[in-house]
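See structure below.
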Amino acid sequence: AKDNGRNNYQFYTEDMNRKALERLGMENSLRRALEKNELFMVYQPRISLETGKIIGAEALLRWKHTKLGLISPGEFIPIAEEIGTIHSIGKWALETVCKQAKKWNDLLQAELKVSVNISAIQFQKDDLVEIIKNALEAAQLKPNLLELEITENTIMQKTERTLKIIKELKAIGVEISIDDFGTGFSSLSYIKEFDSDNLKIDKSFIDDIGSGSSNESIIGAIISMAHSMKMTVVAEGVETNQQLEFLRSIDCDEVQGYFFSKPILPSEFMSLLATEL
Ligand code: C2E
Ligand code: CA
Ligand code: CA
Ligand code: CA
């Protein structure tokens with residue numbers, strides 16, 4: 001029994017060692033992912049419910065690891081945030097997306113908007129505003145075509161500092177969107193202080209449409225209050241026609257979700273736009 005115990009202990013530590021090594025390996029490859037060109041952006045179309053047309057896209061990060069294949073941002077972004085790599089990755093993402101948007105708009109003579117997710121960690125450094133200014137300038141993209149998605153959780157932490165940075169960003173002319181709205185416990189009047197242009201209702205609320213859940217009336221209330229505060233509302237994660245029709249009936253402005261399109265490569269997005277012309 002004594003031997004057995006020892007073996008179990010050994011297995012346990014071996015397992016821990018393996019996990020720690022895996023994690024270390026992941027951190028090291030993440031640190032080099034940018035220079036190895038393993039990162040790329042995909043774009044999910046945003047559709048206006050009024051016109052039924054694509055009005056822009058949300059840019060989402062992808063990592064193709066040489067050995068492990070595609071790793072989802074849900075897995076690697078928290079690590080990138082922990083080890084600080086999110087700063088260089090986030091800067092690269094902003095530069096890449098601004099250039100891409102400028103290209104589409106020039107080619108199609110359009111005014112498509114792009115949104116980029118900004119991590120709470122990026123707000124902790126002093127250079128965020130400068131990075132965004134530079135990315136816009138380098139790409140020659142009009143600031144009002146760039147929207148920054150900031151999660152409800154981000155704005156609930158470090159309020160004064162975050163508020164100050166958001167004011168500076170608004171002064172440049174970029175738009176602000178509150179992502180994952182409804183998952184935190186902030187009120188719309190608190191959100192209003194941030195002078196945001198747009199509210200994204202979290203997918204968990206959209207999932208409940210049609211189930212007779214009280215979330216349906218909550219969505220309606222969020223939309224009318226947001227409108228009275230001069231904010232537009234986007235529903236994320238729309239997967240069915242039923243959800244779409246409900247959202248249309250309660251005057252939601254925009255939708256995003258697999259019902260229309262998954263996030264796609266720039267070339268695919270371009271083809272999709274071309275079919276609308
Ligand atoms: P998010 O910002 O809430 O993005 C929406 C997520 O929902 C995306 O997952 C998108 O692919 C997925 N999605 C969209 N429509 C549907 C749908 O109809 N059904 C389902 N089941 N899913 C849908 P993704 O691309 O895996 O990204 C996950 C999260 O990773 C994002 O959540 C965001 O928090 C983070 N992320 C992604 N790209 C970036 C980035 O460039 N920077 C930062 N800081 N975070 C990012
Ligand atoms: Ca987002
Ligand atoms: Ca979201
Ligand atoms: Ca989310």
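This is a predicted model, so every value here is computed, not measured. As the structure lists them, so they are numbered: ligands from 1, and atoms in each ligand from 1. Index from 1, following the sequence. All values below were derived from every heavy atom in this structure, side-chain atoms included, with hydrogens, water molecules and symmetry-related copies excluded.
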Give a yes or no on this: more than 12 heavy atoms of other residues, nucleotides or ligands lie within 6.0 Å of atom [atom1] of [X].
X    : atom1 : result
K170 : NZ    : yes
R32  : CZ    : no
Q109 : CD    : no

Backbone of L265 reached by a side-chain donor or acceptor of E268 within 3.5 Å: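 Checked: pair present.
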
Flag side-chain contact, heavy atom, 4.5 Å: V114 against Q100: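 A side-chain contact is absent here, since even the closest heavy-atom pair is not under 4.5 Å.
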
Would you say ligand 1 has an N or O under 3.5 Å from any N or O of [X]?
X    : answer
D179 : yes
Q44  : yes
R62  : yes
N117 : yes

Whether N117 has an N, O or S atom under 3.0 Å from the Ca ion (ligand 2):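 Yes.
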
Within ligand 1, which atoms have a heavy atom of [X] less than 4.0 Å away?
X    : answer
P263 : 11 (O)
D180 : 3 (O)
G257 : 15 (N), 18 (O)
E236 : 3 (O)
E58  : 2 (O), 4 (O)
E239 : 17 (C), 18 (O), 19 (N), 20 (C), 21 (N)
G237 : 15 (N), 16 (C), 17 (C), 18 (O)
P73  : 24 (P), 25 (O), 26 (O), 27 (O), 28 (C), 30 (O), 37 (C)

Heavy-atom closest contact (V42 atom, F40 atom, distance):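 Here V42 and F40 meet closest at CG1-CE1, 3.9 Å.
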
Closest approach of L112 to G56 (non-hydrogen atoms, all atoms of both residues):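 Result for this residue pair: CD2-N, 3.9 Å.
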
Test item, E81 contacting ligand 1 (heavy atom, 4.0 angstrom):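 For ligand 1, residue contact (heavy atoms, under 4.0 Å) with E81 is absent.
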
Contact with ligand 1 for K200, non-hydrogen, under 4.0 angstrom: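 No, K200 has no heavy atom closer than 4.0 Å to ligand 1.
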
Is the shortest side-chain N to carboxylate O distance from [X] to [Y] below 4.0 Å?
X    : Y    : result
E168 : K164 : yes
E22  : K19  : no
K200 : E147 : no
R161 : D126 : yes

Contact partition for I77 relative to ligand 1, non-hydrogen atoms under 4.0 Å: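 For I77, only side-chain atoms sit under 4.0 Å from ligand 1.
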
Of the N, O or S atoms in [X], the one nearest the Ca ion (ligand 2):
X    : answer
E58  : OE2
E149 : OE1
D179 : OD2

Parallel, tilted or perpendicular: rings of W104 and Y43 (30°, 60°):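 Ring orientation, 0 to 90° scale: perpendicular.
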
Donor-acceptor pair between N153 and T151 side chains, under 3.5 angstrom: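 Not at all, the side chains of N153 and T151 share no donor-acceptor pair under 3.5 Å.
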
Between E58 and N117: side-chain donor-acceptor atoms closer than 3.5 Å: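 Result is yes, a qualifying pair exists.
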
The one among F259, F260, Y258 that brings a heavy atom closest to atom 13 (N) of ligand 1: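 Among F259, F260, Y258, the closest heavy atom to atom 13 (N) of ligand 1 belongs to Y258.
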
Shortest heavy-atom approach to atom 31 (C) of ligand 1 - which of V42, L60, I206: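 Result: the heavy atom closest to atom 31 (C) of ligand 1 is in L60.
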
3.0 Å cut-off met by an N, O or S atom of D180 to the Ca ion (ligand 3):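 Looking at D180, which is the residue asked about, there is an N, O or S atom under 3.0 Å from the Ca ion (ligand 3).
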
For the Ca ion (ligand 3): the N/O/S atom of E236 at shortest distance: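 Closest to the Ca ion (ligand 3) among those atoms: OE1.
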
